[in-house]
Asker: 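If you scroll down you'll find the structure; I have some questions about it.
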Amino acid sequence: AILAHAFDRNEAIPAGAVSGHRTGDTVLGLRHVLLLAALGGFISLSYEIFLFRTISYASGSSATAFAITLACFLVGIAGGARSAGNVCETLRPVDAMRKAADELVFANLVGLMFLPWMAHFAWLGRGVFAVALLFVYLIARRWGSLLPYLAQFGIPADDRAGMRTSLLYFSNILGSAAGAIVTGFVLTNYLTLVQIALGLAIAGAVCALSLIAMLDIARPERLRRMA
C-alpha cells in the first residue's frame with residue numbers, strides 16, 4: 001500500500017471528497033495513533049499467548065481446548081471492532097474517546113483478575129474452562145475495539161486516508177509480531193504466569209493512561225479517569 005501510494009500520488013482523491021467526514025477532522029495526531037496501535041497490538045497478542053498457555057495448563061494441553069480458546073478470542077476481537085464502529089457512528093469524538101478509554105480500563109481489570117478467578121473456581125474441575133473462555137472473550141473484545149477507535153480518531157477523510165490507514169495497520173502488525181515473539185519465546189521462558197499477567201496489566205495501564213491524557217476534557221475529569 002505504501003509503494004502504491006508513492007507511485008499514484010497524481011491520481012489522489014480530492015481533499016474532502018469522502019462523504020460523512022470533514023477533511024482534517026481528527027482528534028489525535030498520527031504519531032500518537034501509530035504508537036498506540038503498535039502498543040495495543042503488542043498487548044493483544046501477548047494476552048493471546050498468555051491465555052493459551054494458562055488454559056493449556058488447565059486443560060492438560062487439549063487440542064480441543066486450544067481450538068475453542070482461539071475461536072473465543074477471534075470472536076471477541078471481531079465483536080469489539082464492530083462495537084467500536086457503532087460507537088464512532090453514534091457518539092461525538094470526545095465521547096467516543098471516553099468510551100475507548102473505558103474499554104481499555106475494563107480490559108486491564110479483567111486481565112488482572114483472570115488468574116485469581118481461575119484459582120478461585122478451580123473446585124469446578126473441568127468447569128473452570130467455561131470461566132476461562134468468558135475471560136478470553138471479554139479481554140479480546142476490549143482490546144479488539146482499540147484499532148477501529150484509533151482509525152476514527154487519527155485518520156482524516158482526505159486524499160491521504162489510504163496511506164495513513166496502511167501505516168496504522170502496519171504499526172499494529174509490527175506490535176503484534178513483537179508481542180508474539182517477545183512474549184511467546186522470551187517472557188514465557190523466564191517469567192511465571194503471574195509475572196506475565198502483572199506485566200501485561202502495567203503495559204495496558206500505560207496504554208490507557210496515554211489515551212486518557214489526550215482526552216479533550218476538563219482537568220478534574222482527566223485526573224479522575226487517570227486515577
Side-chain angles (χ1 to χ4, degrees), residues 32 34-61 65-66 68-70 72-74 76-77 80 99-124 127-147 149-150 171-215 222-227:
H32 294 139
L34 296 181
L35 290 175
L36 285 175
L39 180 58
F42 180 92
I43 297 171
S44 180
L45 259 293
S46 296
Y47 261 118
E48 183 178 3
I49 294 171
F50 164 73
L51 295 169
F52 285 163
R53 180 64 65 92
T54 305
I55 293 177
S56 176
Y57 289 153
S59 65
S61 300
F66 176 85
I68 297 176
T69 302
L70 178 60
C72 283
F73 195 88
L74 295 178
I77 290 285
K99 180 67 174 178
D102 291 342
E103 295 280 11
L104 294 186
V105 172
F106 184 80
N108 289 329
L109 292 176
V110 175
L112 196 60
M113 294 191 313
F114 175 68
L115 288 180
W117 276 60
M118 287 285 287
H120 181 73
F121 287 100
W123 58 271
L124 291 174
V128 75
F129 186 54
V131 177
L133 292 180
L134 175 61
F135 274 82
V136 169
Y137 173 79
L138 292 176
I139 292 172
R141 182 179 176 88
R142 264 58 196 187
W143 284 107
S145 68
L146 180 60
L147 195 61
Y149 280 127
L150 295 178
S171 298
N172 185 253
I173 290 171
L174 282 181
S176 299
I181 294 172
V182 173
T183 304
F185 294 100
V186 180
L187 298 184
T188 53
N189 287 330
Y190 295 99
L191 301 180
T192 65
L193 290 175
V194 173
Q195 291 171 333
I196 293 174
L198 290 174
L200 290 176
I202 293 172
V206 170
C207 191
L209 289 172
S210 300
L211 188 58
I212 293 172
M214 300 175 200
L215 282 170
R222 180 180 294 106
L223 294 177
R224 184 175 67 251
R225 286 179 173 273
M226 294 180 74

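Values below: all heavy atoms of this structure, side chains included; hydrogens, waters and symmetry mates excluded.
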Asker: Is there any side chain to side chain donor-acceptor pair (under 3.5 Å) pair reaching into residues 171-185, and which pairs are they, with sequence neighbours excluded?
Answerer: S46-T183
Asker: The criterion is ring pair (Phe, Tyr, Trp, His ring centres under 6.0 Å); which residues satisfy it with F42, sequence neighbours excluded?
Answerer: none
Asker: Only counting residues at least two apart or in another chain, list the ones meeting ring pair (Phe, Tyr, Trp, His ring centres under 6.0 Å) with F121.
Answerer: W117
Asker: Mind checking what makes side-chain contact (heavy atoms from CB on, under 4.5 Å) contact with L35, not counting sequence neighbours?
Answerer: R31
Asker: Please name all residues satisfying side-chain contact (heavy atoms from CB on, under 4.5 Å) with L39, sequence neighbours left out, ordered by chain then number.
Answerer: I43, V206, C207
Asker: Could you list the donor-acceptor pairs under 3.5 angstrom formed by side chains in residues 105-112, with sequence neighbours left out?
Answerer:
| residue | atom | partner | partner atom | Å |
| --- | --- | --- | --- | --- |
| N108 | ND2 | L104 | O | 3.2 |
| N108 | ND2 | G204 | O | 3.1 |

Asker: Any side chain to side chain donor-acceptor pair (under 3.5 Å) involving residues 135-147? Give me the pairs, sequence neighbours left out, ordered by first then second residue.
Answerer: E103-R142, Y137-R141
Asker: Keeping S44 on the side-chain end and G40 on the backbone end, is there a donor-acceptor pair under 3.5 Å?
Answerer: no
Asker: With rounding to the nearest 0.5 Å, note down the distance linking CG in L187 to CD1 in I181.
Answerer: 12.0 Å
Asker: Work out which heavy atom in A101 is nearest to a heavy atom in L211; give both atom names and the distance.
Answerer: N-CD2, 3.8 Å
Asker: Minimum heavy-atom separation for L36 and L146, please, with both atom names.
Answerer: O-CD2, 4.0 Å
Asker: Under 4.5 Å between any side-chain heavy atoms of D102 and R225, yes or no?
Answerer: yes
Asker: On a heavy-atom basis, which atom in M118 and which in A58 lie closest, and how many Å separate them?
Answerer: CE-CB, 4.0 Å
Asker: Please list, chain by chain and in numerical order, all residues satisfying side chain to side chain donor-acceptor pair (under 3.5 Å) with S210, sequence neighbours excluded.
Answerer: none
Asker: Listed by chain and number, what are the side-chain contact (heavy atoms from CB on, under 4.5 Å) partners of S56, not counting sequence neighbours?
Answerer: S61
Asker: So, taking the atom named CZ in F129 and the one named OG1 in T69, what distance separates them when rounded to the nearest 0.5 Å?
Answerer: 4.0 Å
Asker: Name each donor-acceptor pair under 3.5 Å that joins a side chain in residues 189-202 to protein atoms two or more places apart or in another chain, with its distance.
Answerer:
| residue | atom | partner | partner atom | Å |
| --- | --- | --- | --- | --- |
| N189 | ND2 | F185 | O | 2.7 |
| T192 | OG1 | Q195 | N | 3.2 |
| Q195 | OE1 | T192 | N | 3.0 |

Asker: Can you tell me how far apart CD1 (I55) and CZ (F114) are? Round to the nearest 0.5 Å.
Answerer: 5.0 Å
Asker: Tell me the closest heavy-atom pair linking E48 and L70, and the distance in Å.
Answerer: OE2-CD1, 3.6 Å
Asker: Could I get the full list of ring pair (Phe, Tyr, Trp, His ring centres under 6.0 Å) partners for Y149, not counting sequence neighbours?
Answerer: F153
Asker: Hey, could you give me the CD1/OG1 distance between I49 and T188, rounded to the nearest 0.5 Å?
Answerer: 7.5 Å
Asker: Considering residues at least two apart in sequence or located in another chain, which fulfil the side-chain contact (heavy atoms from CB on, under 4.5 Å) criterion with F66?
Answerer: F52
Asker: Please name the pair of heavy atoms, one in V136 and one in C72, separated by the smallest distance, quoted to 0.1 Å.
Answerer: CG1-CB, 4.0 Å
